[in-house]
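Dropping the structure in here first, questions after.
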Amino acid sequence: MSIFSKIVKGEVPAHKIVEDKFFYAFLDINPVAKGHVLVVPKKEVDYIFDMDDKLLADMFVFAKKVAKAMKKVITCKKIALSVIGLEVPHAHIHLIPINDEGDLDFKAPRKPFTTQELESIAAAIADNY
Ligand code: AMP
């Protein structure tokens with residue numbers, strides 16, 4: 001079972017934002033930027049483009065709603081969307097607040113936030129969902 005499936009099941013802690021029957025959104029533990037969110041399908045599939053067509057389309061609509069909530073809370077120009085998937089073999093969309101294309105640098109040192117900071121960011125996004 002992937003680490004993300006364990007988060008979905010509540011077996012591993014995460015800063016949850018929102019979930020529905022098919023998807024789960026939570027904060028990335030090593031954020032590229034403040035408010036870096038991951039959206040995952042509850043059904044474990046490694047490669048995003050192996051997902052069922054309808055589930056993939058619905059995941060983007062779910063991510064859109066999360067991104068709208070993020071934009072209300074985080075001061076930024078836009079919410080960017082990336083898919084990488086080289087580290088965790090469970091399909092996921094990265095939603096990242098950006099002001100500049102350089103803000104999407106996954107190789108740059110990640111931004112440290114305290115547990116309390118992550119908790120309050122997650123709660124603020126959830127409240128605006
Ligand atoms: P990638 O698979 O390359 O798209 O990267 C996986 C992302 O998942 C990275 O940005 C990690 O920081 C993030 N990540 C890994 N484990 C956890 C976890 N337990 N909770 C939250 N985010 C995680």
Side-chain angles (χ1 to χ4, degrees):
M1 193 193 296
S2 77
I3 185 84
F4 292 167
S5 287
K6 289 180 183 167
I7 287 173
V8 167
K9 286 176 186 292
E11 293 171 10
V12 165
H15 297 286
K16 175 181 162 180
I17 291 161
V18 68
E19 69 178 311
D20 70 4
K21 194 170 169 202
F22 299 103
F23 308 106
Y24 196 100
F26 56 102
L27 289 183
D28 193 297
I29 200 73
N30 269 313
V32 164
K34 180 180 175 183
H36 179 172
V37 170
L38 301 177
V39 171
V40 304
K42 290 186 173 177
K43 181 169 189 258
E44 189 175 325
V45 176
D46 174 0
Y47 186 41
I48 194 165
F49 295 129
D50 285 335
M51 282 175 67
D52 169 85
D53 287 357
K54 168 103 172 59
L55 195 65
L56 179 60
D58 288 350
M59 183 159 76
F60 274 75
V61 175
F62 181 86
K64 171 183 165 178
K65 291 187 232 160
V66 176
K68 296 254 182 199
M70 292 166 64
K71 188 73 176 55
K72 289 184 201 158
V73 171
I74 314 280
T75 307
C76 62
K77 282 194 184 153
K78 289 194 172 174
I79 305 298
L81 181 158
S82 297
V83 175
I84 303 177
L86 291 174
E87 184 187 320
V88 178
H90 182 147
H92 52 282
I93 293 172
H94 294 261
L95 294 176
I96 302 176
I98 56 162
N99 292 301
D100 179 274
E101 60 188 352
D103 295 341
L104 263 189
D105 183 358
F106 284 83
K107 283 190 158 177
R110 301 294 175 106
K111 305 271 187 301
F113 290 96
T114 64
T115 302
Q116 287 93 331
E117 284 172 325
L118 292 174
E119 242 165 53
S120 77
I121 295 166
I125 299 171
D127 285 349
N128 281 275
Y129 179 80

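Just so you know, ligand 1 is whichever comes first in the structure, and atom 1 is the first atom listed for that ligand. Below, each value reflects all heavy atoms present in this structure, side chains not excepted, and no hydrogens, waters or symmetry copies. Residues: numbered from 1 along the sequence shown. Since we're looking at a predicted model, the values are computed, not measured.
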Who's touching ligand 1 if we go heavy atoms under 4.0 Å?
I3, F4, I7, F26, L27, D28, I29, N30, L38, I84, G85, L86, E87, V88, H92, H94, R110
Residue list, side-chain hydrogen bond (donor to acceptor under 3.5 Å, both in side chains) with K16, at least two apart or on another chain
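With neighbours one apart ignored, the set is E19.
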Can you sort out the partners of K107 under salt bridge (Lys or Arg N to Asp or Glu O under 4.0 Å), two or more places apart, ordered by chain and number?
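With sequence neighbours excluded, K107 shows a salt bridge (Lys or Arg N to Asp or Glu O under 4.0 Å) to no residue whatsoever.
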Can you say whether the rings of H94 and H36 are parallel (under 30°), tilted (30 to 60°) or perpendicular (over 60°)?
tilted
Within the supplied structure, the quantity of interest is the number of heavy atoms (other residues, nucleotides, ligands) at a distance under 6.0 Å from D53 CG; does it exceed 12?
no
Result block: side-chain N/O donor-acceptor pairs under 3.5 angstrom for residues 60-88, not counting sequence neighbours:
{"residue": "K71", "atom": "NZ", "partner": "C76", "partner atom": "O", "Å": "3.2"}
{"residue": "K72", "atom": "NZ", "partner": "N128", "partner atom": "O", "Å": "3.4"}

Interatomic distance, NE2@H90 vs NZ@K43, rounded to 0.5 Å, equals 10.0 Å
